[in-house]
Amino acid sequence: MSDNPDDIRSDIEATRARLGTNVDAVADKVTPSNIVHRQTDKVKDAVFGVKEKVMGTADDVTTRVHGGAHARTDSAGNALSEAGAAIGDTPHQVKAKTQGNPLAAGLIAFGAGLLLSSLIPASEKEREAADALKSAAEPLTAELTEAAKEMAEGLKEPAREAMENVKATAVDAAEHLKHEGQVAAADVKERAADARENVQNT
């Protein structure tokens with residue numbers, strides 16, 4: 001440092017100027033509008049950075065679109081062609097898969113019919129026909145119910161008699177078996193006694 005007052009003054013002015021610049025910089029940093037602006041820019045940069053990482057830059061996309069448009073058109077055409085061929089081949093594949101398995105073929109046909117019928121809403125004439133059929137079937141349903149009740153009542157007595165016959169037959173068979181067993185036991189006992197006498201006499 002010099003002792004010259006002019007030099008000291010110029011140092012003070014320079015220091016004041018640096019301090020002013022620093023104070024302005026600090027004031028710029030702590031102003032709320034500037035803070036919001038900086039944070040907004042950071043968020044924008046982050047979002048666009050992620051977007052560019054995922055999708056590429058606009059130039060990359062343009063290049064890919066132009067370069068890949070033709071390839072995609074061909075790819076889409078091939079995919080549609082393959083889908084059409086697959087749909088056209090479906091009956092043959094179903095036939096091949098269900099050959100020798102009529103139950104699977106029937107279930108597939110039933111499911112396809114059920115699916116188609118659920119897609120088609122009932123017409124007014126179908127609803128009227130269903131209502132007419134239901135109305136016409138009500139007396140028949142009542143008659144069938146009554147006939148079933150009568151049939152059940154008529155079958156009760158024969159079923160009870162058949163059950164009693166089976167029970168009586170089982171009791172008779174048990175008695176007969178018991179008697180046969182007693183006769184066989186007595187016969188064995190008699191033969192054993194005869195054999196013992198023969199052994200003692202010899």
Side-chain angles (χ1 to χ4, degrees), residues 36 39-177:
V36 169
Q39 294 302 324
T40 304
D41 288 344
K42 282 183 184 177
V43 171
K44 282 181 183 176
D45 290 343
V47 169
F48 285 117
V50 169
K51 179 185 156 198
E52 287 178 0
K53 283 181 183 176
V54 172
M55 300 177 70
T57 61
D59 292 338
D60 292 342
V61 172
T62 304
T63 303
R64 278 189 274 160
V65 167
H66 289 297
H70 184 67
R72 287 197 175 92
T73 304
D74 289 344
S75 176
N78 289 338
L80 285 174
S81 175
E82 289 173 7
I87 290 171
D89 195 38
T90 299
H92 299 293
Q93 287 182 352
V94 168
K95 183 180 176 185
K97 298 272 182 183
T98 59
Q99 194 168 14
N101 193 352
L103 182 61
L107 287 174
I108 290 171
F110 178 73
L114 190 62
L115 178 65
L116 286 175
S117 67
S118 68
L119 295 175
I120 301 170
S123 68
E124 187 63 34
K125 289 200 176 232
E126 289 173 333
R127 284 189 211 119
E128 289 173 6
D131 290 341
L133 184 62
K134 187 177 176 183
S135 298
E138 279 182 20
L140 184 62
T141 304
E143 286 180 22
L144 285 175
T145 304
E146 192 63 33
K149 284 180 183 176
E150 288 176 8
M151 187 181 293
E153 288 294 324
L155 290 176
K156 267 186 183 177
E157 187 62 29
R160 190 178 59 78
E161 288 176 5
M163 184 65 97
E164 286 177 3
N165 284 339
V166 168
K167 188 176 177 182
T169 303
V171 168
D172 288 344
E175 287 292 326
H176 181 71
L177 190 61

When rounded to the nearest 0.5 angstrom, what distance separates CD in E126 from CG in L133? 13.0 Å
Apply side-chain contact (heavy atoms from CB on, under 4.5 Å) to the pair T145 and K149, showing each step before the final yes or no. CA-CA 6 Å; T145 304; K149 284 180 183 176; 4.2 Å; yes
To the nearest 0.5 Å, what is the distance between CG on N165 and NZ on K167? 12.0 Å
If the threshold is 4.0 Å, N to carboxylate O, is there a salt bridge linking R160 and E157? yes
Got a sec, which residues hit salt bridge (Lys or Arg N to Asp or Glu O under 4.0 Å) with E143, two or more places apart in sequence or on another chain? none
From M151 CE over to L144 CG, what is the distance, rounded to the nearest 0.5 angstrom? 10.0 Å
Specify the closest pair of heavy atoms between P139 and A136, including all atoms of both residues, with the distance to one decimal. CD-O, 3.3 Å
In plain terms, say whether E124 and R127 are close enough for a salt bridge, that is, a side-chain N and a carboxylate O under 4.0 Å apart. yes
